[in-house]
Amino acid sequence: MHLCKKYIVMNISLIGYMGSGKTTVGKILAKQLGRTFIDLDHFIENAHGRTIPEIFREKGEIGFRKIEREMLENLLQKENIILSLGGGTPAYYNNMHLINQLSHSVYLQTPLNELTERLCKNKEQRPLLLHLEDDELAEYIAKHLFERRAFYEQAHTHFKTQQMDPQDVALLLIEHLRYQKILPK
């Protein structure tokens, strides 16, 4: 009798700081793997008919985090998805445990200088950054990275994205996940 190793089709959750490329890389991964891509923030916006900044203003950060947790739980019950999470998602409740239990988590590690450059260009879309001047951004990001590092480092896979094009990140990540036997060859 011939036995073949079976691969478990597992959801993949992309985590990392805002601006690390989770959404861009996630879309490419989903297309390459024939999976459904879901951005948690966009999913929340569509479900509530309001933008994330509007939800923050109306409900505060804690109110937003409760909504985020509920939506995260629901999405992780789906199968065959690539899920892009908000930068703070892993740091609230026991979200990181849930993410690791119901998906293969990938931490997209992006250097501080790249994050600062990317986020400086689109601060108006980031509710946590709206109050900051450009020269305060690097310090703010560094502080957040320090606070969230313990959560991010719980990810199953850590993937450095320094100076890489999103297409290359996605293709190399697929190769890496196949090598780890997370994805079939």
Side-chain angles (χ1 to χ4, degrees), residues 4-53 55 67-90 95-96 98-111 114-115 117-127 148 151-185:
C4 294
K5 176 171 175 32
K6 286 199 167 205
Y7 289 85
I8 297 171
V9 176
M10 189 174 246
N11 293 330
I12 297 173
S13 295
L14 301 176
I15 67 169
Y17 199 70
M18 64 177 117
S20 62
K22 301 177 300 283
T23 298
T24 305
V25 170
K27 287 177 182 177
I28 298 167
L29 281 175
K31 184 176 180 182
Q32 291 290 322
L33 298 172
R35 294 189 180 193
T36 301
F37 172 75
I38 301 172
D39 179 290
L40 180 59
D41 285 346
H42 293 143
F43 189 81
I44 292 169
E45 288 178 338
N46 290 336
H48 286 267
R50 292 188 294 289
T51 66
I52 299 301
I55 296 170
I67 292 168
E68 180 183 58
R69 168 58 185 211
E70 180 182 309
M71 297 289 179
L72 176 65
E73 279 185 277
N74 291 336
L75 287 173
L76 286 173
Q77 300 304 316
K78 295 182 179 290
E79 291 182 3
N80 220 13
I81 63 170
I82 305 294
L83 183 59
S84 170
L85 302 176
T89 306
N95 288 352
M96 198 62 217
L98 184 69
I99 293 162
N100 280 341
Q101 184 180 22
L102 298 175
S103 69
H104 183 85
S105 57
V106 176
Y107 171 26
L108 295 182
Q109 294 178 274
T110 306
E114 285 184 48
L115 292 172
E117 184 180 315
R118 290 177 190 175
L119 292 171
C120 195
K121 292 176 186 173
N122 67 356
K123 277 191 334 190
E124 65 283 346
Q125 298 170 2
R126 311 288 184 162
R148 295 174 179 178
F151 299 99
Y152 293 165
E153 288 184 353
Q154 292 175 43
H156 296 118
T157 298
H158 297 197
F159 199 83
K160 294 183 182 196
T161 67
Q162 184 171 6
Q163 300 295 319
M164 289 176 64
D165 176 81
Q167 184 75 30
D168 293 337
V169 171
L171 295 176
L172 289 170
L173 183 55
I174 289 169
E175 188 178 301
H176 181 74
L177 292 175
R178 285 183 173 146
Y179 178 77
Q180 288 185 314
K181 298 187 185 322
I182 303 303
L183 295 172
K185 293 192 178 197

Roughly how far, to the nearest 0.5 Å, is [atom2] of [Y] from [atom1] of [X]?
| X | Y | atom1 | atom2 | result |
| --- | --- | --- | --- | --- |
| Leu14 | Thr89 | CG | OG1 | 12.0 Å |
| Ile67 | His48 | CD1 | NE2 | 4.0 Å |
| Leu177 | Ile182 | CG | CD1 | 6.5 Å |
| Ser103 | Leu75 | OG | CG | 11.0 Å |
| Leu102 | Asn11 | CG | CG | 8.0 Å |

Under the salt bridge (Lys or Arg N to Asp or Glu O under 4.0 Å) test, which residues partner Glu175, sequence neighbours left out?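 So Glu175 forms no salt bridge (Lys or Arg N to Asp or Glu O under 4.0 Å) with any residue.
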
Check whether more than 12 heavy atoms from other residues, nucleotides or ligands sit under 6.0 Å from atom CD of Glu117, and answer yes or no.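 Result for CD/Glu117: open.
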
Would you please name every residue forming a side-chain contact (heavy atoms from CB on, under 4.5 Å) with His176, sequence neighbours left out?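 Per chain and number, His176 pairs via side-chain contact (heavy atoms from CB on, under 4.5 Å) with Thr157, Phe159, Gln180.
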
Mind checking what makes side-chain contact (heavy atoms from CB on, under 4.5 Å) contact with Arg118, not counting sequence neighbours?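 Arg118 satisfies side-chain contact (heavy atoms from CB on, under 4.5 Å) with Thr110, Glu114 once adjacent residues are dropped.
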
Without swapping roles, check the side chain of [X] against the backbone of [Y] for a donor-acceptor pair under 3.5 Å.
| X | Y | answer |
| --- | --- | --- |
| Lys160 | Leu108 | no |
| Tyr152 | Gly87 | yes |
| Arg35 | Ile82 | no |

Holding to side-chain hydrogen bond (donor to acceptor under 3.5 Å, both in side chains), I want the full list of residues that pass it with Arg50, two or more places apart in sequence or in another chain. Glu58

What residues, two or more places apart in sequence or in another chain, satisfy side-chain hydrogen bond (donor to acceptor under 3.5 Å, both in side chains) together with Ser105?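 Scan of Ser105 (side-chain hydrogen bond (donor to acceptor under 3.5 Å, both in side chains), adjacent residues dropped) gives Asn100, His156.
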
Tell me the ring pair (Phe, Tyr, Trp, His ring centres under 6.0 Å) pairs involving residues 17-44, sequence neighbours left out? Tyr17-His144

Hey, are Gln109 and Thr161 close enough side-chain-wise for a donor-acceptor pair under 3.5 Å? no

